[in-house]
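Before any comments, here is the structure.
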Amino acid sequence: MNQSPPHMSQPSVIINLTLGLLWFIVHLAINIFSLWSRLIYNIESYLISIGLFPKYRKFQLERLKYLAIVVDSREAKNVAKIEQLLCWLSTIGVKYVCLYDIDGVLNKTFEPTMNGSRDVDSGNSHDVGANIKALICCRSEMTVEYISGSDGKEGIAKAANLLCSTYFNGDRDARGNDEIVFTEADMSGALKAIGCGGPEPDLLLVYGPARCHLGFPAWRLRYTEIMHMGPLNSMKYGAIVKAFYNFSKKYQNFGK
């Protein structure tokens, strides 16, 4: 015999309705705040791009010797956006850019052009053993380096293997001490020997949903300023200019 489900008491109904209303209000407030933030971001980026704010028209790029760009591998397939980003950077005056995605999409996409236009002198001057080319973009020469996740964990494993093999195949300590002691200089030399060395970026811009460097080689981020720029598809020229301006105002006391 079928029985009708027990009816909820009036206090329980009131509590459920109140909680549901609170959830709706909180959810609506978060959505409104997100839309408002995005609107302010787009308006500010547009006003910066047209040069309305005088402080963003001229800023010093002397401290920005090396720039790194981390792109989510799913967004790195958008070649048009990557080329637009490089042209914007070249227009601003950036001379050296390191592009990274963990799956090597950028490396595979731009490999045909790199094979025909690799700048050996630029690679030697910056002491980089990765994929480098000289990019002529927007009438300004810019050196571009492409690295991937294989230059991260695999790179450090190969460098450690090289150090161990060099130690065991070479001369031991003259004092007969068999304890293995590697210095930071030894590791840096091994990384350069296997082609995973390179300059440390002064600034790293992250394009993607995650607020992290997505596996960018950690040994090249000791003193790097990291900024999250949001999705690549919604990148703005004004946002890049603002990031460079904010970086120029940062105070870093290392090396002093």
Side-chain angles (χ1 to χ4, degrees), residues 48 55-71 82-101 106-107 110 114 117-148 151-152 155 184-185 187-207 212-229 232 235 237-256:
I48 293 174
K55 67 178 182 179
Y56 293 116
R57 296 175 186 173
K58 295 181 181 181
F59 53 89
Q60 302 298 325
L61 280 178
E62 285 78 8
R63 292 176 53 196
L64 187 59
K65 298 179 180 178
Y66 308 111
L67 173 68
I69 305 290
V70 172
V71 183
I82 297 297
E83 292 179 347
Q84 185 181 34
L85 175 61
L86 291 176
C87 284
W88 283 351
L89 295 176
S90 180
T91 301
I92 294 174
V94 178
K95 298 301 181 183
Y96 186 97
V97 179
C98 176
L99 283 178
Y100 168 89
D101 74 285
L106 296 172
N107 196 0
F110 292 93
M114 284 190 297
S117 58
R118 182 170 299 179
D119 192 338
V120 178
D121 294 334
S122 297
N124 293 334
S125 63
H126 295 297
D127 199 12
V128 179
N131 295 318
I132 298 178
K133 73 166 185 174
L135 177 70
I136 307 300
C137 181
C138 300
R139 297 180 298 227
S140 177
E141 184 174 330
M142 182 170 62
T143 302
V144 183
E145 174 191 3
Y146 297 92
I147 62 176
S148 63
D151 299 295
E184 184 177 349
M187 180 58 73
S188 298
L191 288 168
K192 293 175 183 177
I194 64 172
C196 291
E200 297 180 17
D202 302 296
L203 175 64
L204 184 142
L205 303 181
V206 180
Y207 285 96
C212 65
H213 58 73
L214 299 175
F216 190 93
W219 56 87
R220 296 179 62 175
L221 296 176
R222 291 181 296 177
Y223 306 110
T224 301
E225 186 78 18
I226 302 177
M227 297 184 183
H228 184 255
M229 303 296 289
L232 181 68
M235 68 175 186
Y237 179 82
I240 298 175
V241 173
K242 183 180 179 181
F244 289 164
Y245 173 81
N246 291 337
F247 173 77
S248 67
K249 297 301 181 181
K250 297 287 185 179
Y251 175 76
Q252 297 173 319
N253 59 359
F254 64 88
K256 295 185 181 296

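Note that the numbering runs from 1 along the sequence shown for the chain.
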request  = Could you check if a side-chain atom of Arg63 sits within less than 4.5 angstrom of a side-chain atom of Asp202, using non-hydrogen atoms only?
outcome  = no
query = Does some side-chain heavy atom of Leu232 sit less than 4.5 Å from a side-chain heavy atom of Ile82?
reply = yes
Within this structure, what is the [atom1]-[atom2] distance for the pair [X] and [Y], rounded to the nearest 0.5 Å?
X	Y	atom1	atom2	result
Phe247	Leu64	CZ	CG	5.5 Å
Leu204	Ile69	CG	CD1	7.0 Å
Cys98	Glu200	SG	CD	12.0 Å
Leu67	Leu99	CG	CG	8.5 Å

query = Hey, does the side chain of Ser90 reach the backbone of Leu86 with a donor-acceptor pair shorter than 3.5 angstrom?
reply = no
query = Is there a donor-acceptor pair under 3.5 Å between the side chain of Ser248 and the backbone N or O of Tyr245?
reply = yes
message = Before you tell me yes or no, could you show the steps for Tyr66 and Thr224 under side-chain contact (heavy atoms from CB on, under 4.5 Å), namely the whole-Å CA-CA distance, both residues' side-chain angles and the distance that decides it to 0.1 Å?
response = CA-CA 10 Å; Tyr66 308 111; Thr224 301; over 6 Å; no
Give the minimum heavy-atom separation between [X] and [Y], together with the two atoms involved.
X	Y	value
Pro201	Arg220	CD-O, 2.9 Å
Asp101	Asn107	OD1-N, 4.4 Å
Lys242	Ile48	CB-CD1, 3.9 Å
Tyr100	Leu214	OH-O, 2.8 Å

query = Checking side-chain contact (heavy atoms from CB on, under 4.5 Å) for the pair Phe216/Ile147: CA distance, chi angles, key distance, verdict?
reply = CA-CA 9 Å; Phe216 190 93; Ile147 62 176; 3.6 Å; yes
query = So, Tyr237 and Gln84: side-chain donor and acceptor under 3.5 Å apart, yes or no?
reply = no
task = Could you tell me which residues satisfy side-chain contact (heavy atoms from CB on, under 4.5 Å) with Ala243, sequence neighbours excluded, listed by chain and number?
result = Leu205, Met227, Met229
Criterion side-chain contact (heavy atoms from CB on, under 4.5 Å) on Ile240 and Leu85, from CA distance to verdict = CA-CA 9 Å; Ile240 298 175; Leu85 175 61; 3.5 Å; yes
